[in-house]
Amino acid sequence: MGTLSREDSAMRDVKRPKWWMLDALVVLMVALFALEHHQHLSVGWHHLALLLIALAIFGLAAFWARIYRGALLEDDWMNEAATDQRRRRISRDGRYKVSTAIRFK
């Protein structure tokens with residue numbers, strides 16, 4: 001009862017995404033844009049600073065996604081498996097029909 005299967009131990013070893021890091025990136029981006037706005041630079045330098053800030057934030061977000069790619073894929077897989085399991089459970093019951101079609105009025 002107290003032993004773990006290989007799947008259980010593998011599940012524990014997967015890194016969980018640290019979502020606070022993305023929140024910190026948003027705060028950092030706002031702070032950098034506010035700081036840049038108060039600098040006395042020419043128009044060209046302002047545009048360059050804005051571009052560099054945007055590229056840096058985008059790069060850091062992409063780096064975060066790359067680090068936690070496995071955990072994000074696992075979360076997606078687990079959500080998909082749970083959805084499929086609910087669909088099967090509902091479809092076995094004769095009263096409900098499972099429909100994946102989207103209806104627009």
Side-chain angles (χ1 to χ4, degrees):
M1 186 109 164
T3 62
L4 292 175
S5 67
R6 283 199 316 198
E7 292 84 18
D8 292 337
S9 64
M11 290 286 287
R12 288 185 315 152
D13 294 339
V14 175
K15 285 195 266 185
R16 303 276 30 116
K18 292 183 172 80
W19 295 101
W20 65 267
M21 288 182 176
L22 288 181
D23 297 335
L25 277 179
V26 171
V27 171
L28 177 66
M29 179 181 63
V30 169
L32 287 175
F33 281 139
L35 235 146
E36 188 279 331
H37 178 70
H38 292 292
Q39 297 301 316
H40 299 289
L41 300 172
S42 67
V43 174
W45 285 109
H46 271 294
H47 288 292
L48 180 64
L50 292 174
L51 177 68
L52 290 175
I53 291 169
L55 288 175
I57 295 298
F58 180 77
L60 289 171
F63 182 67
W64 179 91
R66 190 175 203 43
I67 288 173
Y68 295 110
R69 180 176 185 254
L72 293 170
L73 288 173
E74 180 190 348
D75 283 346
D76 189 39
W77 181 80
M78 294 294 280
N79 289 337
E80 187 69 30
T83 302
D84 287 345
Q85 197 172 33
R86 277 194 305 271
R87 284 185 185 148
R88 273 187 248 118
R89 186 172 51 239
I90 291 171
S91 63
R92 274 190 229 130
D93 188 355
R95 296 179 297 165
Y96 299 103
K97 297 279 186 190
V98 178
S99 175
T100 57
I102 299 172
R103 295 186 180 129
F104 295 100
K105 291 184 179 183

Worksheet item: Are Y68 and V26 in one and the same hydrophobic cluster, where Ile, Leu, Val, Met, Phe, Trp and Tyr link if side-chain heavy atoms are under 4.5 Å apart?
Response: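 Per the 4.5 Å side-chain linkage, Y68 and V26 are not co-clustered.
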Practice prompt. Say whether L73 and L22 are linked into one hydrophobic cluster, either directly or through other cluster members, by side-chain heavy-atom distances under 4.5 angstrom.
Written response: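 No, L73 does not connect to L22 through the hydrophobic network.
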Worksheet item: Can you list every pair that meets ring pair (Phe, Tyr, Trp, His ring centres under 6.0 Å) and has a residue in residues 15-39, with sequence neighbours left out?
Response: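 Pairs touching residues 15-39 that pass the test: W19-W64.
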Discussion item. Test question: given the 4.5 Å side-chain rule for I, L, V, M, F, W and Y, name all other residues clustered with V30, or answer none.
Written reply: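 Joined to V30, directly or through intermediates: none.
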Item to complete: Would you please name every residue forming a side chain to side chain contact (heavy atoms under 4.5 Å, CB included) with I57, sequence neighbours left out?
Response: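 Checked I57 against side chain to side chain contact (heavy atoms under 4.5 Å, CB included); matches are L25, L28, M29, I53.
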Worksheet entry | side chain to side chain contact (heavy atoms under 4.5 Å, CB included) involving F58 - partner list, sequence neighbours excluded |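 Here no residue qualifies.
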Fill in: Residue pairs passing the side chain to side chain donor-acceptor pair (under 3.5 Å) test where at least one lies in residues 41-61, sequence neighbours excluded
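Listed once each, the pairs are E36-H46.
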Practice prompt. Check whether any side-chain heavy atom of E74 lies under 4.5 Å from a side-chain heavy atom of R16, and answer yes or no.
Written response: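 The answer is yes; the side chains approach within 4.5 Å.
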Practice prompt. Locate the shortest heavy-atom distance separating A65 from L72; write the atom from each residue and the value.
Written response: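 Minimum heavy-atom contact is O-CD1, 4.3 Å.
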